Amino acid sequence: MSVYWEGEWVRLFFPEKLRHKMERERGSREWDWSCPHTRRRLEDLYFGERGYIKAGSQESKEFWLFFDRFQRFHNQLKKNKINKDREFEDEKKSKVIDLPKEYDPRYRINVSIVLSRDVERALHGHHREKGHRSRDCADLPTEKLAEFKKAILHYLDFTQKQSFGKLAKLRKERSNLPIFQYREKIIHMVRDHQVVVVAGDTGCGKSTQVPQYLLAAGFGHIACTQPRRIACISLAKRVGFESLNQYGSKVGYQIRFESSRSPATKIVFLTEGLLLRQIQKDSEVPQYQVLIVDEVHERHLHSDFLLGVLRRILPLRPDLKVILMSATINIKLFSGYFDQAPVLQVPGRLFPIQVIYQPVPQEEAASKTEKLDPRPFLRVLQAIDHKYPVDERGDLLIFLSGVTEISSVLEAVQVYATHTQRWIVLPLHSTLSLVEQDKVFDLAPPGVRKCIISTNIAETSVTIDGVRFVLDSGKVKEMSFDPKAKMQRLQEFWISRASAEQRKGRAGRTGPGVCYRLYAESDYDAFAPYPVPEIQRVALDALVLQMKSMDLGDPRSFPFIEQPPMSSIETAILYLRDQGALDANEELTPIGKLLAKLPVDVVIGKMLILGTLFSLLEPVLTIASALSVQSPFLRSATNNPECATARKPLESDQGDPFTLLNVFNEWIQVKSSRSSNSRKWCRRRGLEEQRLYEMANLRRQFKALLKDHWMLEESGVPTRDRHSRQRQHRERKELHQLKRQHERSEKQKRKVLKLQDQDGGSSSDGEERSHADGTESVDIQDVKFKLRHNVEELCASSTGQELSGSQLSLLKLIVCHGLYPQLAVPDSFNSCRKDSDQVFHTKSKQGIVVHPTSVFSSNPEILHVDSGQEEMTVAEETSVDKEGKKLNSRRKGQSTKHQIVGFVSLLETNKPYLVNCMRLPALQGFLLLSRSLDTSADCCRIVCDGWMEINMVDPEAALRLISEAVRLRLAWEKLLKSRLEKTSSVEDFQRGDDRRKKKEIDRLGYDLVDYMRSEVAYSMRRLAALETQNLYVGPQTVVSTPALPGVFGNVDMKLDPVKGGYRATSFLTYNCLLNDTDFYSDCLRSFWTCPNCGLYMPFTPIERMSHQSSCIEEGSVAESEEQNNEMAAVTALHRNYHCDICQKDLMMTSTEILRHKKQHSSETNS
DNA sequence: CTCTCCCT
């Protein structure tokens, strides 16, 4: 310590030359190796740019550690000059400092690599030579330099030997792998054929070895795909390690958001999805020479598609080699798909596993409604306890179908475990927090076994060492897709024989095992041989879209390895056409092209694209990302009251996407504030922080993609002052250092689990793991996050300004526009029902329930129409002179406040559920979003998308609303189209044009918000099946209504040959509804004076509208500057205003507030 | 009154 101080002090207060002199003099008396200055000098001399050891590197730190031990050892030698037993000393020496006992010249390395020329000269006594260089080490005594050099050589010998030893061991391990025997054969096969199939079971070593064999045989640019991200990372690590190339870059991985790839990378492990995106960018993938597709037998959507794409690429790239790797399953299928590609079968290396069939007795078999009976599972635990001595280690892995099943078995097993003190029970499924998931890797104390109760996550994704017993329920939950209702369905099935074998295999990885099957052997024989490939079970929207963008022709005739059902393809095409991604010829539209490039569902992609108009992209980005990742809300926290209260302020009564928006924004604030710990913040609220990190990555990618496709204006990067730039630089340096620190301390020892933590244990469970040496563990995710993102900027852009009321209302419209047609209406009797019995309906599916995780599930009243008096007064005003009967029917259920629910997915488990819901004003939503609107003659009756009927009482208001909807939709469409067209011709948008567009957009945003706020009373009704079949008047021979120019903007109204009436726009047909008994009464003319031109004559309401709109159009004047500003401000300046006089909370701009106040004052004055 | 699992 004192030495350090002295060194520092000297450095600070003495000029350099004098200092060196002092040190030289001191050095001769009392040399100090640990003086930091000396060390720096030595590093400068020896650890240069070209040196083997680089200054400041991990290697240099290791060297200094070695050096200290080396010195200690030498000093000790000097002290005990007595040398009783040389051999003993030698042994001690090698133990103490790990020096090689013998000096084998084979380990020698080329010293010139180590030592730069200058140093060499210095070391050999040339430092007296003339020149500046010689002065460099003049301050260091020659004998000390020689001593140091000796230490370096010792160190290098030592590390050389160490790595040679490692290498030899690794080589031996590698040659013991079953696949090693086939090394030459594989290389020859790949040389001779373009496609080769390598089939080998678990443990044969194919994934790690085949890429290395090929590299060694002279192939380069090898890509190896994996279905899972973690597999890419761990394989790259393993293969890098085997080739002693950990710190080099020959072996790397590349997954979304993370890559260790460099130009020097020869073998890259990447995900199937990522390779597909690369192929989408450049269809001939010139960057690769060899493509290895691993785990093809798993039959994921991506791998099946990838195989199809590869088959198409092969003739275009005759030099490209493709190797399919699979378990020894269904090999003929893969070989046959590639023109009888040669197959190499490699035996696996599993230990023998005893199979015991123990079918569940009839009375314990699960009935549909009851909980899973745990007795058959308990019997197996008992059997293990009886049969196998406690000192024989080996854990138990139970496979169940789902989370509810896990918890019911867990409960019973936990009781047994408490009783016997022989088991530690751990659940495992993907919705568990990552901390909880990691526990399955911890160790049980001696005499205790782990019992891991898992979903099929443990079948392939999570591999747990030390499992000796497997207990297989034989059940699995699988997602399928109902195209009619566009609904996902999660159902339980018997597993396939292939899955049963895979589950069994999990018992024999580290030693002989036992597999208990809770079904009969005859059941097993009756299982399907393989699981249904994903491509045959899921919606193919995204796939078809990607196929179209890759120019793969008609998806109906694409030669998939196994055809998906034709209906799935047809449904997808229809859907994409309906969404405007494909045109009538099934070609990609401009929006379709963009959607194909966005790595999200179509509905999410749509909201992103729509979000680029107006200035609401930031929240849209956040919502889109939030809806694309697993929910950050942990289930385990839902029944924790503390979590519930901590979550409360984050909840939005607008709906779940807005709660997620709040969560992210609040989290970013926590991240940006120096004092708070986001990990703690998340834990308190029961949030999985990983999901928030994923969101941050996603929203950044989305933004970049939108920018790449010219959907964004160049955002003016705020120029920072010098001070903040410096601070940022400093912070980044610190972060990099933390990252390195983490990488160094990487190997965390596995924790030993405690027996029976019984509910007391949870308090310490979530705590960060700190290292054994007491150093604070680095929150590496936080470090990576802060390196990757500019937190300040994120904070400013995403949470900088609170959303105003108008912004929120526009944002809701955008999100719902994206989600369309995923809209549901509340059942009209919901307000009379129990909270848990709230029912909703979509066009294609009735009787749906909001998912219990939704805000609307816990607060259903948000969606209820207030049983208000207010609404009735609106209705009454306009209806004095009409017949009572009709009125009553129309007035029933009239309200200005009906709401509909946009949802992200429709999922059926026990019941059909709406997942991720948000609310939207019903009438405005329907009028602005519906694909088809059909109206009666007076427009009071509107049928939306052929299933929702809306009835208004006031025909004037009805007309106004519809014509305004038409105007807004056409304007919106036009602006979006022009924005999309920018993608093709950048030069087109010149400054002036841009400014005009900007103004139009502002105006549209302003008007949309205004529109969403309009207060018109109406009733809503779902049409019965019979009604939907007899909706239209049909083709008309007599034109009953004249065309009315100007009612719906400038559109031409043409007779609709199918529905009858007039087709005004692609989405609006006027006066086509059958059974409109009120036609004549509503069309009666009454005298009216035009306030604009003074014309006085009899009009029907619609004629009046027509006149008015054309009259106003002629007389329209340019808007005042003030008005313009007001419009531009809509997305920024609307704010909450509470008016004391009318006792209302209003959402208004400052101008509007002024006007509002003025109105009150004029009222009171008069 | 609750959800198999991956991935761009």
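All values reported here derive from a predicted model rather than from experimental measurement. The sequence lines fix the lettering, A, B, ..., with proteins before strands; numbering per chain opens at 1.
Distance from the side chain of Lys911(A) is smallest for dC1(B) among the nucleotides dC1(B), dC5(B), dC3(B). Checked against dC5(B), dC3(B), dT8(B), the side chain of Tyr913(A) finds its nearest nucleotide in dC3(B). Checking dC5(B), dT2(B), dT8(B) against the side-chain heavy atoms of Arg635(A) singles out dT2(B) as nearest. Out of dT4(B), dC5(B), dC6(B), the shortest distance to the side chain of Val403(A) is found at dT4(B). Minimum atom distance to the side chain of Ile255(A) is reached by dT8(B), of the listed dC5(B), dT8(B), dT2(B). For Arg256(A), the side-chain atoms get nearest to dT8(B) when compared with the rest of dT8(B), dC7(B), dC1(B). Listed candidates were dC3(B), dT4(B), dT8(B). Nearest to the side chain of Arg229(A) is dT8(B).
Along DNA chain B, the nucleotide nearest to Leu598(A) and the one nearest to Val476(A) differ in position, and the one closer to the 5' end is contacted by Val476(A). Mapping Val600(A) and Pro852(A) onto DNA chain B by nearest heavy atom places Pro852(A) closer to the 5' end of the strand.
Between Tyr524(A) and Tyr519(A), the ring planes lie parallel to each other; the angle is under 30°, not in the 30° to 60° tilted range.
Here Asn910(A) does not reach the OP1 or OP2 of dC1(B): none of its side-chain N or O atoms lies under 4.0 Å away. Contact between the side-chain N/O atoms of Thr455(A) and the OP1/OP2 oxygens of dC5(B) is found at a separation under 4.0 Å. When the side-chain nitrogen and oxygen atoms of Ser401(A) are compared with OP1 and OP2 of dT4(B), none of them lie within a distance under 4.0 Å. An OP1 or OP2 oxygen of dC3(B) is reached within less than 4.0 angstrom by no side-chain nitrogen or oxygen of Ser430(A).
Nucleotide dC5(B) holds its C1' atom 13 Å from the CD atom of Glu272(A), rounded to whole Å. What separates CZ of Phe702(A) from P of dT8(B) is a distance of 12 Å, to the nearest Å. Look at CG on Leu434(A): it is 11 Å from P on dC6(B), rounded to the nearest Å. Atom CE of Met487(A) is separated from atom C1' of dC3(B) by 15 Å (rounded to the nearest Å). Remark: P of dC7(B) and CG of Asp541(A) are 21 Å apart, rounded to the nearest angstrom. As a whole-Å value, the separation of Gln502(A) CD from dC6(B) P is 14 Å. Taking atom CD of Glu694(A) as the reference point, atom C1' of dT8(B) lies 13 Å away to the nearest angstrom. dC1(B) atom P lies 13 Å from atom NE2 of His851(A), rounded to whole Å.
Within the 4.0 angstrom heavy-atom criterion, only backbone atoms of the sugar-phosphate kind lie near Leu274(A); the bases stay farther away. In this structure, His300(A) reaches neither bases nor backbone, as no heavy-atom distance under 4.0 Å exists between it and the strands shown. Thr431(A) comes within 4.0 angstrom of no nucleic acid atom, judged by non-hydrogen atoms across all strands. Nucleic acid contact class of Thr638(A) (heavy atoms, under 4.0 Å, all strands): base.
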Inset, instruction - Would you check, one step at a time, whether the test side chain to side chain donor-acceptor pair (under 3.5 Å) holds for Asn830(A) with Arg833(A)? - result: CA-CA 5 Å; Asn830(A) 272 354; Arg833(A) 287 197 176 94; 3.2 Å; yes
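Lys371(A) has a carboxylate O that lies under 4.0 Å from a charged side-chain N of Glu411(A), or vice versa, which qualifies the two as a salt bridge. Using a 4.0 Å cut-off between a side-chain N of Lys or Arg and a carboxylate O of Asp or Glu, Lys477(A) and Glu492(A) do not qualify as a salt bridge. Classification of Lys486(A) and Asp541(A) as a salt-bridged pair holds, one side-chain N sitting under 4.0 Å from a carboxylate O.
Among residues at least two apart or in separate chains, there is no salt bridge (Lys or Arg N to Asp or Glu O under 4.0 Å) pair with a member in residues 590-605 of chain A.
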